[in-house]
Amino acid sequence: MQNTLPRDSTVNFSLASILESSQDAIITRDISGSIVHWNPAAEKLFGYTQAEIAGKNIDIIIPDRLKSEDDHVFDRVKNNHKIAHFKTVRLSKDKKEIPVSLTVSAIKDLDGRVIGVVKIYRDLSMQQYAEEKQAMLAAIIESSGDAIISKSLDGYVTSWNAGAQQIFGYTESEVIGRPISFLIPPSHIFEEDIIITNIRKGIKVEHLETIRIAKDGREIPVSITVSPIKNKEGVIIGASKIARDISKSKRAEEDNAKLYAEIRDLNTKKDEFIGLASHELKTPLTSMKGFLQILERSQTIEANKVFIYKALRQLNKISGLVTDLLDVSKIQAGKLHLNYETLDFMSLLHDCIELVQFANDSHRIDVKSNFLILPIQADEQRIEQVIVNLLSNAIKYSPTADLVEINVRKNDTELIVGIKDFGFGISKDIYEHVFSRFYRAENVASHISGLGIGLFLSKEIIERHQGKMWIDSELGQGSEFFFSLPLFLR
Ligand code: ADP
């Protein structure tokens, strides 16, 4: 486009309105480089107003490194060369570089002499942004380890990334334009119909775990997400599919399941072994006890009697441990049977105290209770086992104390017993653990003997009686173990 200055005012007027309304920045400069015209789009693009910029050198919007570019452009236009859609950058008022497409034409006077140029700048920022975004997305798609595939609504592959090649073994050129069904095993072909029906309705299909087939015939477990692709008008024109190879996680899942089954088997075997071993030990122990008792009765020499008595005490200890182990395996096998009867809890409690005091004289056991008799329905032997265990623990875990307190109270429905010691105490974070099988707190495990099953058995027995068991304790101060029992069985 070569311009000569218009003579007629109508032409002048219409040119002015084009300048005003143009979306592109339109600038004129004279031969010295001074800016003459500067339309509203230029104001918007570069940030200078017409008043600010008029008469300023065009250099003001040219970055330093491109200063010579403008002279070069001017020379070319002066020599009748066309400059159209030349991509370059210009500077805004706030010194930001703006990518622009530049078209330049000469302005000549009536004698055909070049007296200036008109420059049209089109802002390429959005286009550049879109191109960069496009390039970035393409790079992400190419570098993804997942297969990213797009297909038309009738199921033909339209794009295929490096991840898809990696997982399924086909190159892009082998699959573009082919129906996607080559990836789907015949037994799963129905899935494609369901997916496409959903996609046509604009519904995304997420994390569908299924099987696809690689080029070499291998079945690959994949997790698939398929989303609709829409054109600018919002019309669905295809689908993009992301397929993640989940072989590894599937294998790990299977391995874990196998490991879990093995551990469960081993655990069952261990329980069976404990049950069997304690059962086998029980019989010889009972015979030994019987023989020792006969020997004790028939022994006349007092010194020998003491040894027999000591042997019997140790035997009773072993026998107690074996019985506990047997009980544990009965519980595991669901075979712990209770024999309910009506009994007086207070006399049972006193019997237990006597039993424990007989074996331990290091501690005094005090009972705080307002009851002389307290009838309950329970399995006497099992409740005795609980009380003896709690009292023995109270003594065992308070070696420097000399007192254990028992508190008995009741409300309308239940009896509540607290057994309190002034020993090591238990930290709150292991309250629940102490009731589990074979658990022993670290601070006592090394120097106080035990198998870690007494509280497990006690809690089980109390809960089988529809009661509860709980702890209140302060580390270094002592512990109080509570259990409740219903006064009347439901
Ligand atoms: P064991 O006494 O044979 O270890 P228990 O099942 O009776 O087994 O107790 C489990 C664990 O609970 C004990 O090892 C101990 O760490 C803790 N424990 C039980 N009773 C007390 C107590 N009165 N004071 C402090 N810790 C206790």
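Worth knowing before you read on, the calculation uses all heavy atoms, side chains too, and leaves out hydrogens, waters and symmetry mates. Both counts, for ligands and for their atoms, begin at 1 and track the order of listing.
The single protein non-hydrogen atom nearest to atom 11 (C) of ligand 1 is Tyr439 O, 3.7 Å, given as residue, atom name and distance. For atom 20 (N) of ligand 1, the closest heavy atom belonging to the protein is Asn393 ND2, 3.4 Å. Nearest protein heavy-atom contact of atom 4 (O) of ligand 1 is Arg440 NE, 2.5 Å. For atom 17 (C) of ligand 1, the closest non-hydrogen atom on the protein side is Val434 CG1, 4.0 Å.
Checking only distances, Phe456 never comes within under 3.5 Å of ligand 1, N or O to N or O. When only interatomic distances are considered, the shortest N/O to N/O separation between Ile426 and ligand 1 does not fall below 3.5 Å. Taking any N or O of Leu455, backbone or side chain, at least one lies under 3.5 Å from an N or O belonging to ligand 1. Residue Phe481 places no N or O, backbone or side chain, under 3.5 Å from any N or O of ligand 1.
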Might you work through the ring-ring contact (aromatic ring centres under 6.0 Å, His included) test for Phe483 and His465, ending with a clear yes or no?
-> CA-CA 11 Å; Phe483 67 84; His465 279 80; 9.6 Å; no
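Using a cutoff of 4.0 Å between basic side-chain nitrogens and carboxylate oxygens, Lys250 and Asp255 are not scored as salt-bridged.
Residue pairs meeting the salt bridge (Lys or Arg N to Asp or Glu O under 4.0 Å) criterion with at least one partner in residues 186-199, sequence neighbours excluded, are Lys151-Glu192, Glu191-Arg212.
If you check each of Gly450, Gly452, Gly423 against atom 8 (O) of ligand 1, the one with the closest non-hydrogen atom is Gly452. The residue among Tyr397, Tyr431, Phe424 with a heavy atom at the shortest distance from atom 24 (N) of ligand 1 is Tyr397.
Looking at Asp421, its side chain never comes within 3.5 Å of a backbone N or O of Phe481 through a donor-acceptor pair.
Aromatic rings from Phe438 and Phe456 are positioned such that their centres are separated by 6.0 Å or more. Ring-centre distance between Phe46 and Tyr121: below the 6.0 Å cut-off.
Short contacts between ligand 1 and Lys396, defined as distances under 4.0 Å to a heavy atom of the residue, involve ligand atoms 1 (P), 2 (O), 3 (O). Residue Ile453 has at least one heavy-atom neighbour below 4.0 Å for each of these atoms of ligand 1: 6 (O), 8 (O). Listed by number with element, the atoms of ligand 1 under 4.0 Å from a non-hydrogen atom of Ala441 are 14 (O), 16 (O).
In this structure, the side chains of Phe422 and Thr400 stay at 4.5 Å or more apart for every pair of heavy atoms.
At a heavy-atom cutoff of 4.0 Å, ligand 1 is contacted by the side chain of Ser479 but not by its backbone. Contacts between Asp421 and ligand 1 below 4.0 angstrom, taking non-hydrogen atoms only, involve the side chain exclusively.
Distance CZ/Phe345 to CG/Leu487: 11.0 Å, rounded to 0.5 Å. Between Glu480 atom CD and Gln477 atom CD the span is 13.5 Å, to the nearest 0.5 Å.
Under the rule for a side chain to side chain donor-acceptor pair (under 3.5 Å), the partners of Glu131 that lie at least two apart in sequence or sit in another chain are Gln127.
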